[in-house]
J.: 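Here it is: the structure, laid out below.
Every chain is numbered from 1, with letters handed out A, B, ... down the list of sequences. Model, not experiment: these values are computed from the prediction.
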Number of protein chains: 4
Amino acid sequence: QAINSTLAEDSSLSSLKAKYLQIRAQSEKICAPLQAEDYVVQPIVDVSPPKWHLGHTTWFFEKMLLEPFCKNYKVFHAEYDYVFNSYYESIGKRVLRTNRGNLSRPSVSDVYKYRAHIDQQMSQYLTNQKLTSDEINILEIGLQHEQQHQELLLYDIKYILGTNPLFPAYQNKLTLTEATTTRPLGFLKVAAGNYKIGHQREGFSFDNEHGVHQVYLHDYQIADRLITNQEYLEFITDGGYENFRFWYSEAWEWVKNEQKKAPFHWHLIDGTWHHYTMNGLEPINPTEPVSHVSQFEASAFANWKGMRLPTEFEWEVACQTHQPDIPKSANFVEEGYYRPRVASEGNFQFYGDLWEWTNSAYLPYPYYKTAEGALGEYNGKFMINQMVLRGGSFATPLDHIRPTYRNFFHPHLNWHFTGIRLAKHD
Amino acid sequence: QAINSTLAEDSSLSSLKAKYLQIRAQSEKICAPLQAEDYVVQPIVDVSPPKWHLGHTTWFFEKMLLEPFCKNYKVFHAEYDYVFNSYYESIGKRVLRTNRGNLSRPSVSDVYKYRAHIDQQMSQYLTNQKLTSDEINILEIGLQHEQQHQELLLYDIKYILGTNPLFPAYQNKLTLTEATTTRPLGFLKVAAGNYKIGHQREGFSFDNEHGVHQVYLHDYQIADRLITNQEYLEFITDGGYENFRFWYSEAWEWVKNEQKKAPFHWHLIDGTWHHYTMNGLEPINPTEPVSHVSQFEASAFANWKGMRLPTEFEWEVACQTHQPDIPKSANFVEEGYYRPRVASEGNFQFYGDLWEWTNSAYLPYPYYKTAEGALGEYNGKFMINQMVLRGGSFATPLDHIRPTYRNFFHPHLNWHFTGIRLAKHD
Amino acid sequence: QAINSTLAEDSSLSSLKAKYLQIRAQSEKICAPLQAEDYVVQPIVDVSPPKWHLGHTTWFFEKMLLEPFCKNYKVFHAEYDYVFNSYYESIGKRVLRTNRGNLSRPSVSDVYKYRAHIDQQMSQYLTNQKLTSDEINILEIGLQHEQQHQELLLYDIKYILGTNPLFPAYQNKLTLTEATTTRPLGFLKVAAGNYKIGHQREGFSFDNEHGVHQVYLHDYQIADRLITNQEYLEFITDGGYENFRFWYSEAWEWVKNEQKKAPFHWHLIDGTWHHYTMNGLEPINPTEPVSHVSQFEASAFANWKGMRLPTEFEWEVACQTHQPDIPKSANFVEEGYYRPRVASEGNFQFYGDLWEWTNSAYLPYPYYKTAEGALGEYNGKFMINQMVLRGGSFATPLDHIRPTYRNFFHPHLNWHFTGIRLAKHD
Amino acid sequence: QAINSTLAEDSSLSSLKAKYLQIRAQSEKICAPLQAEDYVVQPIVDVSPPKWHLGHTTWFFEKMLLEPFCKNYKVFHAEYDYVFNSYYESIGKRVLRTNRGNLSRPSVSDVYKYRAHIDQQMSQYLTNQKLTSDEINILEIGLQHEQQHQELLLYDIKYILGTNPLFPAYQNKLTLTEATTTRPLGFLKVAAGNYKIGHQREGFSFDNEHGVHQVYLHDYQIADRLITNQEYLEFITDGGYENFRFWYSEAWEWVKNEQKKAPFHWHLIDGTWHHYTMNGLEPINPTEPVSHVSQFEASAFANWKGMRLPTEFEWEVACQTHQPDIPKSANFVEEGYYRPRVASEGNFQFYGDLWEWTNSAYLPYPYYKTAEGALGEYNGKFMINQMVLRGGSFATPLDHIRPTYRNFFHPHLNWHFTGIRLAKHD
Ligand SMILES: [Fe+3]
Ligand SMILES: [Fe+3]
Ligand SMILES: [Fe+3]
Ligand SMILES: [Fe+3]
């Protein structure tokens, strides 16, 4: 079985339904501050319109559970299969090549009607029917999928608002009173040896964490917190973006072609670096962890420092060794900060705050097997040309993350909530 | 003076204001059937989001009249200059490269607030102040400009809705009861001789109609109505889109690269050609004039027929000779049909229905002079690589058109309301 | 009949053969200074490799005369049809998408073998056979076609050598001793009236000159020589390339995107403008006519001067009126200067020196008919989005040009031998 | 020290010079069958013109040895630095954006003059001067670099000739009499355990092989020969190129966009698959190892087989375990076959024949350090988005390869000499 279900344990129908409804509500809570227009646009191909995320996650439950398992279930709208499927762009006779951001319909209110309908049908289904383990399994995937899209929603909303010339704020929270100093960068040691890698705990996990296997690691040290804006600013000031020596050849092309001078969402205004945050445009906060860096930038920074990024195996073993449990002060989406926080005492920031780029390519573990059927497309087909990130971010739900969780993105991307952790051999 | 004002004649303030308010209201009437999401998208670069049209035409009055001529006028929003100016994409320090369709803000309601504010300021300005002829001139341009954008609004709305997989209707009017037969195609004769070309009547005209001059025309004949869907369908059925002989070399590249098989907004569904109309998807109406053809398609059709398109001079002289006045049955935007109609008795369809492609390149008339200042940019700078269209469409206001009016588009475009009129030498 | 033959008059076989051999030899003479490598490259899509020109013009005679009219003629090489046809890129089963500049074979020596073979076959054919008027007609077209490619050869050779970082010279002739002053710019007057346009003389002409017709012209004046480098340099120095006011909207995009600052083949070296000439890199010669300007640049220059470019009709009538015959001092390819010359006394430079951009779009004349068959593709299918040039250049054979000859290129192009002549209305 | 020199051992000047001259001669031998035109073209950006390879490898010795270490050395040609440097495209004032394939000069004969000059200077230098270990080190790199370009020369020559519609042969050797049957595919076993990875032998090695380290491997099996054309043909026949299930998501885009149906250099002619070989176009030889597959294709084939590609660590350990020494029958460039051979008895094909795609991303080894100075750019900056290949090909010199040698290419590329070896866990 490709996926270890966590729901299987307590599959009383009422608790399944409660979890379903809670996660579904969270997606809508994330979108609550938006105006209708914000739901529609797609400024770059990597960003999807928020209404598409809302529809697509809904379509997943309709297509994967209601259609196959609910007798007499009638499809809500014949064309939604075409609109909300992420895999193919055309069906049948009316082939239309378009991008998601060109579709004004279905409207936002129609998408919410679609959600309400599916939620009502799902509630009924979860109330009346005894689910097989297969159905529970798919339900779990559907919920994990919705949680992943919740993070994407926040990336994409920040992109949409933060590249608008009016720089509208997502929320108008008082800025956190953050520590004005950070602790000096320290290093955690891990001794050489053979270590077990991959998911072995209870609860849900994705197939890409399976294939538990052994890895030999040489002695290494790993930073005890994320790199800060201040530390990254020194790299910029030292000419980091003008010196090809720190960059991969492809990364240097990227810096030149895109005229990169700082992380994404940074703007130099009257000589002062600002960043767009969910509260709007602000001067850089020096003690906050630097975010919106690509793997190219993270690697270049590490080279400049004379260090390197950890491998995903080093990261996992260090996390399991030095902070096996999520600390109380971890900064997940439940906190509602929507930004990384200054590392607090005893928190090594492995969990939450920012996804941490590793120097590992996203590849299958030794005994990896893709799941059967449509769900088999979930992870394996992306195992080329992407780099692994670990640890979750301030936009991740607390119960979604674990030390073995493998996230992955192309190394030039930086619109998501990424950060830097250094490593070295001695 | 580059532009002959029509407003100058009856420049009593109250009538100016009435005309201003009437035209401004018409733009909003056109948008009334839209949902907020429809205002935002930009599916191709030629199409602008409806909210941009609404803001841009408003910005014109603010920038060209209120700012320079109203003492103490305060700009509504500092960034709107950047958002709604059609000419430059960046200002000052926060340079952002983006397309109009990526901007969710200002929201639709903010744009309407902007319109209300400017309308209120303009009303006050038109109530209190004695306008100079310069100001009246600019006001007239502003109103003509808004009318031009009203047509563009309808092109763009049709594009946005008609390329959506749900094919939503713009309106749900009963379909017209149209004649099921058309009169046979006849030809109007014009005798060889020297003719005067260019605007000489009373009333407003654009600078591109000026430079009244003489042109020698050889004997010719021009069709007495537009080509119908049925006639165009014969061209398709006869392999018109598969035979390079009928097409310019560039047009043939366009047919192959874009895989063209029919006019824009046509869809082959279960073996029957349908077209998307403002009432939604319908089977082709054979007697209705064919629309949404590029100049490439119009020329290919004419070649296939063994005829040609008229020059803009032939068109103008034929119109002035055979139908100098707009007939009662002319189909303009005021009728609210939003589609071309079957040619009625005595109506040669020179006015309204569809813009007619000519085989004349858009070039300056002999004594053409561009206006001074920003308004000088209005026409002259587009006089390369475009072809002239004449006569207005069902989306044109009646009082906006005249026999000398020169519209112009690149020859490959066909999302606007275009049609075909044939000509021949004997 | 679409084409008036000049050969028909004296179609004695021996004179036909002599003319054939002379023109064929001229193509090879043009290529004599090249090294094998220069024959192969295609630095931009508009430029063809010299060996392609040599093969393509040869293929024309094989395909249009030897194959259809010579019994038992055997095709020289089955694949050459594919390699040297300019119209389609693929045949049969081995479809290969490639550009001409990617083909190292057939080698230069194989192309010369092909030429020798065809010339031998053609000689035999022109010796033995009584040609029908159809055959004579095609032969004439073939020779005119080869002459046109001779000009293209020189454009393309100059491109290939002039964009090479070593700036090799095509020839090492002593630089001409040119006049160091030019006569002041004067204007020739033409009175208003109806004029006949199109080819009416004896001798060969292309179908695009046919459709002789009448045109009414208003009073105008036209410059009595071409614009010089010195005059153009004043435009540059005055900020001509930095001021959008002088440029079409599309031209301004071109200037910005291509970062244009001067005509093609100009280089600013240590603060001094140089131009690459067929003799290599030289400081600008101020009295020489400016060349390698696009229609965009010619128009912008005219606007800056407060004048305009002539229409092709004004050009033709002025030429027929003020200099109906080619003056002795005209600078054609036979002179071997390979550059424009300073206007000499009594030479208005209508003939030779540089092709002169007009402000006329390339469109059919009123009674224009395309020829039947493959030759019908020669001109008509290009009558969109191009502008007319008149008068020939230093690369044109003397017997190839006449006052009614219509050349045409897209307005942004400037790798060919173009110049500027001004016009005005009073 | 980043690179272990093999020359250091026997650095008598005469042997250094002999090796230098032998390797330099080999490059020219590879190019001997070419015509001048074949040296010039660059059909795709990955391919370089042969004359560029010849000049660039020469420039390396001039720039890295003669200039810094030979007193009074005068640069051969000031512009060659610009033409033959692979790293920057523009110098000084005459900025020219061009591609290598657009440069007809320096001519082939000038490039050979350049080579002769540098070889003469190098001979003198290697005769007269006692070299420091630094100099020996750079010399060794220069020779390895030239050997690498020898392979690239063969890839590129095959591309240039094999995409020409005339399909000229590189050589006209008699086709090998090859075995018409292959041995059945067997598997070699390797037991789980910790293994040492990286270069530990005598002799030269690149910095990317350093950082000797330990890796834990689980039990696995690896194929005892390469996959044949026949085996790959079954994948094609079974719809391998039409079924998305076997492909990475990016690979599937590649298949669809590029309309892939078979390996590169394969052509379906009259229903039979042919491949272009160095002897010209031939029907597929079923027993020959399949070549010209991308990593995308190799992975898809492995998925279809229900197996996988080995990691580079599995490959290295299997090679060291089962065939530590190069067998006599190994097929390297010295054999002059210029194609892979049928696996012979006792030859597992780890060495020569074809580079074997692994499923390992090209990443630094644990203790990897880049070399100082310009040579530091050699490997490290490419360690992103590329996949490792192992074992050398029929185009590799015998003394250039070893079990720890790491080659790397982007996974979509297939114009080089690549093949498939399968692996599985049990
Ligand atoms: Fe999804
Ligand atoms: Fe406008
Ligand atoms: Fe030609
Ligand atoms: Fe190199």
Side-chain angles (χ1 to χ4, degrees), chain B residues 87-88 192-197 211-220 244-252 254 295-296 299 303 306 308-309 311 313-314 358-370 373 376-377 379-388 410-412 423 425-426, chain C residues 87-88 192-197 211-220 244-252 254 295-296 299 303 306 308-309 311 313-314 358-370 373 376-377 379-388 410-412 423 425-426:
Chain B
Y87 300 117
Y88 46 89
N194 284 323
Y195 289 94
K196 268 235 160 77
I197 294 293
V212 173
H213 64 288
Q214 205 165 299
V215 158
Y216 181 85
L217 297 178
H218 291 255
D219 290 330
Y220 68 99
F244 72 90
R245 264 170 239 283
F246 306 130
W247 303 83
Y248 302 125
S249 180
E250 287 188 21
W252 186 239
W254 176 82
Q295 210 263 4
F296 289 167
S299 291
N303 283 340
R308 59 182 178 81
L309 301 180
T311 66
F313 310 111
E314 289 173 336
T358 70
N359 201 35
S360 291
Y362 181 50
L363 292 168
Y365 284 174
Y367 297 99
Y368 175 71
K369 285 260 181 293
T370 48
E377 285 197 62
N379 277 305
K381 72 178 181 181
F382 300 112
M383 290 178 173
I384 193 78
N385 286 339
Q386 309 213 37
M387 299 301 279
V388 174
H410 288 95
H412 66 287
H425 266 301
D426 42 75
Chain C
Y87 299 117
Y88 46 90
N194 284 323
Y195 290 94
K196 269 236 163 78
I197 294 294
V212 174
H213 64 288
Q214 204 165 303
V215 157
Y216 181 84
L217 297 178
H218 291 255
D219 291 329
Y220 67 99
F244 72 91
R245 264 169 238 283
F246 306 131
W247 302 82
Y248 302 125
S249 180
E250 286 187 23
W252 185 239
W254 176 82
Q295 209 263 6
F296 290 167
S299 291
N303 283 340
R308 59 183 178 81
L309 302 179
T311 65
F313 311 111
E314 290 173 335
T358 71
N359 201 35
S360 292
Y362 181 50
L363 292 168
Y365 283 174
Y367 297 98
Y368 175 71
K369 286 258 182 293
T370 47
E377 284 197 62
N379 277 305
K381 71 178 183 182
F382 300 111
M383 290 179 174
I384 193 77
N385 286 339
Q386 309 213 37
M387 299 301 281
V388 173
H410 287 96
H412 67 285
H425 266 301
D426 43 76

J.: Please give me the minimum heavy-atom distance between B/Gly380 and C/Tyr248, naming the atom from each residue.
T.: O-CD2, 4.3 Å
J.: Counting heavy-atom pairs under 4.5 Å to chain C, which of B/Arg308, B/Gln386, B/His213 comes out on top?
T.: B/His213
J.: Got B/Pro364 and C/Asn359 here, is their nearest side-chain heavy-atom distance under 4.5 Å?
T.: yes
J.: Do B/Glu250 and C/Met383 come within less than 4.5 Å of each other through their side chains, counting heavy atoms only?
T.: no
J.: Once you round to the nearest 0.5 Å, how far does OH of C/Tyr216 lie from CG of B/Leu217?
T.: 13.5 Å
J.: Roughly how far apart are B/Phe246 CZ and C/Lys381 NZ, rounded to 0.5 Å?
T.: 14.5 Å
J.: Please classify the contact of C/Asn194 with chain B as side chain, backbone, both or neither, using a heavy-atom distance under 4.5 Å.
T.: side chain
J.: Would you check, one step at a time, whether the test ring-ring contact (aromatic ring centres under 6.0 Å, His included) holds for C/Tyr367 with B/His218?
T.: CA-CA 9 Å; C/Tyr367 297 98; B/His218 291 255; 5.4 Å; yes
J.: Contact part of C/Pro411 toward chain B, heavy-atom cut-off under 4.5 Å: side chain, backbone, both or neither?
T.: side chain
J.: For C/Gln295 and B/Ile384, work out which heavy atoms get closest and say how close.
T.: OE1-CD1, 3.7 Å
J.: In terms of heavy-atom pairs under 4.5 Å, which option from C/Pro366, C/Ala192, C/Ala361 contacts chain B the most?
T.: C/Pro366
J.: Chain B heavy atoms under 4.5 Å from C/Trp252: which part of the residue, side chain, backbone, both or neither?
T.: neither
J.: With a 4.5 angstrom heavy-atom cut-off, is it the side chain or the backbone of C/Tyr220 that approaches chain B, or both, or neither?
T.: neither
J.: How far does OG1 of C/Thr311 sit from CG of B/Leu363, to the nearest 0.5 angstrom?
T.: 9.5 Å
J.: Among B/Ser299, B/Ala251, B/Ser249, B/Ser360, single out the residue with the greatest number of heavy-atom pairs under 4.5 Å to chain C.
T.: B/Ser249
